[in-house]
Amino acid sequence: MEQNNKSLVSSKFLCLCLLITLISIIVAPQAEAARAFFVFGDSLVDNGNNNFLATTARADSYPYGIDSASHRASGRFSNGLNMPDLISEKIGSEPTLPYLSPQLNGERLLVGANFASAGIGILNDTGIQFINIIRITEQLAYFKQYQQRVSALIGEEQTRNLVNKALVLITLGGNDFVNNYYLVPFSARSREYALPDYVVFLISEYRKILANLYELGARRVLVTGTGPLGCVPAELAMHSQNGECATELQRAVNLFNPQLVQLLHELNTQIGSDVFISANAFTMHLDFVSNPQAYGFVTSKVACCGQGAYNGIGLCTPASNLCPNRDLYAFWDPFHPSERANRLIVDKFMTGSTEYMHPMNLSTIIALDSTT
């Protein structure tokens, strides 16, 4: 009888252990969902801030958002979801709201915020043709203001903890070439700097931005390099010979990206921690630009929405040519990837080798940070 009781107690203990293990498995993703997410940068990651501004850099009308749940334009430069949305999906969180949205208040602030604004660059004179956009210095000022708002909600210490444990994404650089240096022949910046010197200048300015971000409490920052700018439909339409990627823009990217990786390494060495994670957007894009069929695309040269050569001229508007199946196109409009291309990119963020994510991918970051 005593033996039976011992067996019964042992069985109950085993069941309890299994139950605790099961609960921890179920609860773990929910615990991760509490992680805040902050986004800085340009149109590749803007979730709609520019909708609240008097600017021409907007994606607030059809056919933008045609494949979203609402089938309506939200300000994302996509047929559906963009990179921040998909990263939020991966970390089990709600999508971040644009910082300028009136809906971003109360508990919603704890999810994080998207400060990105289409048209901006590393430099404050990038995108001046769009008039009223949130330059990166202003985005960082808004981040400081955000922390003050959250402090009023949960206190300073909790706010500092939320920000320190948050995931941050920053995407800058492309517009400094496309909408500044190469915007017009003999642009002011191209007269001021030879290309190699311009890149050094950009990197020195980016260093200040990233240092500021660190000072504001960011401790896990995904930093994307620029994609193959010379291969986007807009550049093919304007500068390409026989459909080949525009040489000069590719030269710019090949100078910029390695120096950005070196900058992140130097910053991490100074800090003594892997705060800044390099996301190799160039190779992520180039994979399906070079071999679209291998990724299920019919083309990586022609935009789904646009007009003129490669559908790369002008903006995507209701009057544009529009492909019937967006999943078959690597580019949604003359500059921006389709939702499906963005999914492929974010998959690399999650599980990519060190060729894509250095020194570690997002899955490794999540696993490491969940133990601290």
Under 3.5 Å donor-acceptor pairs involving side-chain atoms of residues 130-137, not counting sequence neighbours:
{"from": "Arg135", "atom 1": "NE", "to": "Asn124", "atom 2": "O", "distance (Å)": "3.4"}
{"from": "Arg135", "atom 1": "NH1", "to": "Asn124", "atom 2": "O", "distance (Å)": "3.2"}
{"from": "Arg135", "atom 1": "NH1", "to": "Thr126", "atom 2": "O", "distance (Å)": "2.9"}

Beyond-backbone contact of [X] with [Y], side-chain heavy atoms, under 4.5 angstrom:
X: Tyr206; Y: Val223; result: yes
X: Asn342; Y: Pro337; result: yes
X: Leu202; Y: Leu123; result: yes
X: Thr226; Y: Leu260; result: no
X: Val298; Y: Tyr329; result: yes
X: Asn180; Y: Asp125; result: yes
X: Leu172; Y: Phe40; result: no
X: Tyr182; Y: Ser190; result: no

Item to check | Worked verdict on Met357 versus Leu222 for side chain to side chain contact (heavy atoms under 4.5 Å, CB included) | outcome: CA-CA 9 Å; Met357 299 292 294; Leu222 305 176; 4.1 Å; yes
Item to check | Salt bridge flag under 4.0 Å for residues Arg76 and Glu339 | outcome: no
Item to check | Residues Glu192 and Arg189 bridged, charged N to O under 4.0 Å | outcome: yes
Taking atom types as modelled, find out whether [X] and [Y] have a side-chain donor-acceptor pair closer than 3.5 angstrom.
X: Ser320; Y: Gln307; value: yes
X: Tyr99; Y: Gln145; value: yes
X: Gln270; Y: Glu266; value: no

Do you know the tightest heavy-atom contact between [X] and [Y]?
X: Asn51; Y: Gly75; result: OD1-CA, 3.5 Å
X: Thr224; Y: Ala281; result: CB-CB, 4.3 Å
X: Asn361; Y: Phe349; result: CB-O, 3.4 Å
X: Val178; Y: Leu249; result: CG2-CD2, 4.3 Å
X: Gly230; Y: Gln250; result: N-OE1, 2.9 Å
X: Ala116; Y: Asn49; result: O-ND2, 2.9 Å

Hey, could you give me the [atom1]/[atom2] distance between [X] and [Y], rounded to the nearest 0.5 Å?
X: Ser300; Y: Phe288; atom1: OG; atom2: CZ; result: 8.5 Å
X: Thr283; Y: Glu355; atom1: OG1; atom2: CD; result: 5.5 Å
X: Arg251; Y: Leu195; atom1: CZ; atom2: CG; result: 4.5 Å
X: Lys208; Y: Leu140; atom1: NZ; atom2: CG; result: 13.5 Å
X: Leu328; Y: Cys304; atom1: CG; atom2: SG; result: 9.5 Å
X: Leu110; Y: Thr159; atom1: CG; atom2: OG1; result: 8.0 Å

Next on the checklist: Evaluate Val184 against Phe186 for side chain to side chain contact (heavy atoms under 4.5 Å, CB included), listing each step before the verdict.
Outcome noted: CA-CA 6 Å; Val184 292; Phe186 310 109; over 6 Å; no
Checklist entry - Would Phe38 and Phe143 count as a close aromatic pair, with their ring centres under 6.0 Å? => result yes
Near [X] [atom1], under 6.0 Å, is it more than 12 heavy atoms from other residues, nucleotides or ligands?
X: Arg72; atom1: CZ; value: no
X: Leu263; atom1: CG; value: yes
X: Glu157; atom1: CD; value: no
X: Ile313; atom1: CD1; value: yes
X: His265; atom1: NE2; value: no

Between [X] and [Y], is there shared hydrophobic-cluster membership here, with clusters defined by ILVMFWY side-chain heavy atoms closer than 4.5 Å?
X: Phe77; Y: Tyr310; answer: no
X: Phe201; Y: Ile120; answer: yes
X: Phe37; Y: Val346; answer: yes
X: Leu229; Y: Val261; answer: no
X: Leu104; Y: Leu53; answer: yes

Judged by atom type as modelled, is there a donor-acceptor pair below 3.5 Å linking the side chain of [X] to the main-chain atoms of [Y]?
X: Asn47; Y: Thr96; result: yes
X: Arg35; Y: Lys165; result: yes
X: Gln147; Y: Leu216; result: yes
X: Ser43; Y: Ala118; result: no
X: His71; Y: Ser68; result: yes
X: Lys301; Y: Leu236; result: no
X: Asn82; Y: Asp46; result: yes
X: Ser363; Y: Met350; result: yes
X: Asn50; Y: Ala57; result: yes
X: Tyr193; Y: Val200; result: no

Checklist entry - Is it true that Cys323 and Cys305 have SG atoms closer together than 2.5 Å? => result no
Item to check | Evaluation steps, ring-ring contact (aromatic ring centres under 6.0 Å, His included), between Phe115 and Tyr142 | outcome: CA-CA 7 Å; Phe115 301 93; Tyr142 276 143; 7.1 Å; no
Item to check | Parallel, tilted or perpendicular: rings of Trp332 and Tyr64 (30°, 60°) | outcome: perpendicular
Checklist entry - Looking at Leu368, Thr364, Asp369, Leu362, which hits side chain to side chain contact (heavy atoms under 4.5 Å, CB included) with Ile366? => result Leu362
Item to check | Phe177 and Phe256: CA distance, side-chain angles, deciding distance, ring-ring contact (aromatic ring centres under 6.0 Å, His included) verdict | outcome: CA-CA 10 Å; Phe177 296 108; Phe256 177 80; 5.8 Å; yes
Checklist entry - Taking it one step at a time, do Asn280 and His358 satisfy side chain to side chain contact (heavy atoms under 4.5 Å, CB included)? => result CA-CA 8 Å; Asn280 187 345; His358 190 271; over 6 Å; no
